[in-house]
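Residue numbers run from 1 in the order of the sequence given.
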Amino acid sequence: MKKIVIADYESALEEDYSITIESIEEALGEPVDTVVHAYKDKDDFIKVLQDADGLVTGFIEADEEILAACPSLKCISVSGVGYSNINLESAKQNNVAVCHIQEYCTQEVAEHAIALMCALNRNLKFYDRQINDKREWKYYSIDGNPNLCSQTLAIFGFGKIGRRVATIAIALGMKVLAVDPYAASEYDVAGVEFVNKKEAFSRADIITNHMNLTEENRHFFDEDAFVKMKRRPIFINVGRGGSVDEQALVNALNRGLIRGAGIDVLEEENPDLNICSLLHRKNVIITPHSAFYSQESIEKLQRISGANLGYFLAGKNEEITELVR
């Protein structure tokens with residue numbers, strides 16, 4: 001019987017993985033021995049994983065040390081659309097396949113980005129805290145922002161989620177810019193103007209990030225980028241935490257280079273919130289990497305990630321939604 005480990009940081013573990021296990025067994029065609037593991041440290045994780053045939057994880061970093069220490073491991077199924085937490089070169093050297101999910105939460109993440117944008121533009125956090133903490137009923141305690149329909153949104157990363165955000169923003173009456181050299185020639189969305197990053201930084205009232213994380217765009221939003229944001233935009237990141245230099249974002253808020261920030265991802269997937277400099281700000285909303293989260297998306301996530309692993313172990317690679325190698 002094949003051993004499967006379902007593992008993640010404790011904060012990211014689901015209460016029930018029955019759908020994942022069912023999907024693995026259905027795709028594989030046989031029962032599996034499953035261990036659900038809450039990651040605490042690398043050594044403990046390696047002990048659990050070293051004799052496993054497969055791993056399902058969303059966020060744990062599978063680095064060179066882990067992959068080299070697990071000779072039985074044949075496949076890692078990532079419960080998400082990205083795989084930046086997996087060392088692909090080391091996976092290749094250790095003959096470990098990696099698969100991930102193409103799409104399962106486009107609507108959820110797009111809604112989340114728009115919700116953060118609207119909440120910050122309407123100063124909802126400030127008013128909520130003013131009423132709950134100070135018992136003050138004053139709309140004029142903070143400057144009003146322009147209507148969304150008079151503002152320009154720049155979308156960085158124009159894949160499925162970026163395009164859905166664009167559709168909603170256009171329906172709200174916004175001007176929409178897109179920055180994505182890989183998608184510009186592929187996607188022609190009515191009402192969207194493709195521009196380079198310099199022009200987007202210059203023209204945008206609101207910026208939202210939906211880029212996949214690569215070595216080329218790590219810390220894409222750095223000190224220089226925030227300085228070039230001429231219109232003091234609201235900054236939204238529901239993409240990858242590593243796309244943003246977190247200290248540069250803190251500095252931009254402190255210097256007033258941006259009006260506010262809506263952040264669903266931090267540089268660390270399992271951050272120490274006791275030392276996070278983005279907390280306790282009236283113009284910052286932080287959510288715990290929850291943009292993807294809904295009843296529908298969790299079921300799809302578990303079903304697809306489980307099936308991907310089962311199909312690989314059964315030698316049915318053609319059934320996998322996205323096999324990286």
Side-chain angles (χ1 to χ4, degrees), residues 1-102 104-105 213 240 268-270 289 292 297-325:
M1 183 179 293
K2 289 180 171 57
K3 178 181 176 180
I4 305 299
V5 173
I6 301 172
D8 239 312
Y9 300 111
E10 189 171 7
S11 60
L13 277 178
E14 301 294 330
E15 293 183 0
D16 182 8
Y17 282 98
S18 58
I19 293 175
T20 303
I21 297 167
E22 279 178 18
S23 298
I24 295 170
E25 293 181 338
E26 184 177 332
L28 179 59
E30 61 184 71
V32 294
D33 176 23
T34 307
V35 176
V36 178
H37 176 75
Y39 184 97
K40 294 182 176 63
D41 62 71
K42 188 181 293 188
D43 290 340
D44 190 40
F45 179 53
I46 288 173
K47 289 178 183 177
V48 173
L49 188 64
Q50 61 186 356
D51 61 343
D53 296 279
L55 167 67
V56 179
T57 187
F59 305 113
I60 292 175
E61 292 190 15
D63 59 18
E64 185 176 357
E65 182 182 356
I66 290 172
L67 291 163
C70 300
S72 298
L73 190 63
K74 300 175 182 65
C75 181
I76 299 173
S77 180
V78 180
S79 298
V81 296
Y83 46 88
S84 57
N85 55 320
I86 310 298
N87 185 323
L88 293 182
E89 184 59 34
S90 182
K92 183 177 180 180
Q93 291 174 358
N94 289 280
N95 201 30
V96 178
V98 179
C99 50
H100 69 115
I101 299 172
Q102 288 181 323
Y104 74 101
C105 59
L213 182 63
R240 288 288 180 262
E268 295 294 328
E269 186 53 51
N270 193 35
H289 203 156
F292 75 96
S297 68
I298 288 298
E299 181 174 345
K300 289 170 67 176
L301 181 73
Q302 289 198 17
R303 194 171 301 284
I304 298 170
S305 61
N308 279 345
L309 180 57
Y311 284 136
F312 181 85
L313 294 177
K316 302 175 183 176
N317 291 2
E318 69 280 359
E319 300 289 342
I320 297 171
T321 59
E322 188 72 16
L323 183 63
V324 182
R325 57 157 300 278

Considering non-hydrogen atoms only, spot the tightest contact between Leu28 and Ala314 and give its length.
CD1-N, 3.8 Å
Please check if the distance between the ring centroids of Tyr39 and Phe45 is under 6.0 Å.
yes
Quick check on Glu26: does its CD atom have over 12 non-hydrogen neighbours (other residues, nucleotides or ligands) under 6.0 Å away?
no
Flag, side chain of Glu30 to backbone of Met1, donor-acceptor distance under 3.5 Å
no
Is there a side-chain contact between Ile19 and Ile298, using heavy atoms and a 4.5 Å cut-off?
no
For Gly80 and Leu301 the tightest heavy-atom approach is N-CD1, 3.8 Å
Do Gln302 and Ser23 come within less than 4.5 Å of each other through their side chains, counting heavy atoms only?
no
So, do Asn85 and Glu269 sit near enough that their side-chain heavy atoms are less than 4.5 Å apart?
no
Test side-chain hydrogen bond (donor to acceptor under 3.5 Å, both in side chains) applied to Asn270 - qualifying residues, sequence neighbours left out:
none
Atom CD of Gln102: over 12 foreign heavy atoms under 6.0 Å:
yes
Donor-acceptor check, side chain of Asn94 to backbone of Val96, threshold 3.5 angstrom: yes or no?
no
Between Thr57 (side chain) and Ala7 (backbone), is there a donor-acceptor pair under 3.5 Å?
yes
If you measure from CD1 on Ile101 to OG on Ser305, what distance do you get to the nearest 0.5 Å?
5.0 Å
Nearest-0.5 Å distance, OG1 of residue Thr20 to CD1 of residue Ile304:
11.0 Å
How far does OH of Tyr311 sit from CD1 of Ile320, to the nearest 0.5 angstrom?
9.5 Å
Should we say atom CD of Gln50 is surrounded by more than 12 heavy atoms from elsewhere, each under 6.0 Å from it?
yes
Find the distance between CG (Leu313) and CG (Asp53) and round it off to the nearest 0.5 Å.
6.5 Å
According to ring pair (Phe, Tyr, Trp, His ring centres under 6.0 Å), does anything in residues 60-90 pair up with another residue at least two apart or in another chain? List the pairs.
Tyr83-His100
Of all heavy-atom pairs linking Tyr17 and Ala12, the shortest is OH-O, 4.2 Å
Residues forming a side-chain contact (heavy atoms from CB on, under 4.5 Å) with Asp44, sequence neighbours excluded
His37, Asp41
Which heavy atom of Ala52 sits nearest to which heavy atom of Val5, and what is that distance?
CB-CG2, 3.7 Å
Flag the pair Ile21 / Ile6 as yes when at least one side-chain heavy-atom distance between them is below 4.5 Å, and no otherwise.
yes
Check whether any side-chain heavy atom of Ile46 lies under 4.5 Å from a side-chain heavy atom of Ile66, and answer yes or no.
yes
I want to check something: taking the side chain as every heavy atom from C-beta on, are Phe312 and Asn317 in contact at a cut-off of under 4.5 Å?
yes
Over all atoms of both residues, closest heavy-atom pair of Ala27 and Lys316:
O-NZ, 3.6 Å
More than 12 heavy atoms of other residues, nucleotides or ligands under 6.0 Å from CD of Glu61: is that the case?
no
Gap between atom CG of Leu309 and atom OG of Ser77 - 0.5 Å precision:
5.5 Å
Closest approach of Ala62 and Ile86, non-hydrogen atoms and distance?
CB-CD1, 3.8 Å
Would you check if Thr34 and Ile24 make a side-chain contact, meaning some heavy-atom pair closer than 4.5 Å?
no
I'd like to know if the side chain of Asp8 reaches the main chain of Phe59, judged simply by a donor and an acceptor atom lying under 3.5 Å from each other, with no hydrogens or angles considered.
yes
Do other residues, nucleotides or ligands put more than 12 heavy atoms under 6.0 Å from the NZ atom of Lys42?
yes
Electrostatic pair Lys3:Asp33 at N-O distance under 4.0 angstrom
no
Does Thr321 form a side-chain hydrogen bond (donor to acceptor under 3.5 Å, both in side chains) with Asn308? I'd like the steps, not just the answer.
CA-CA 7 Å; Thr321 59; Asn308 279 345; 3.0 Å; yes
Side chain proximity check, Ser79 to Val56, heavy atoms < 4.5 angstrom:
yes
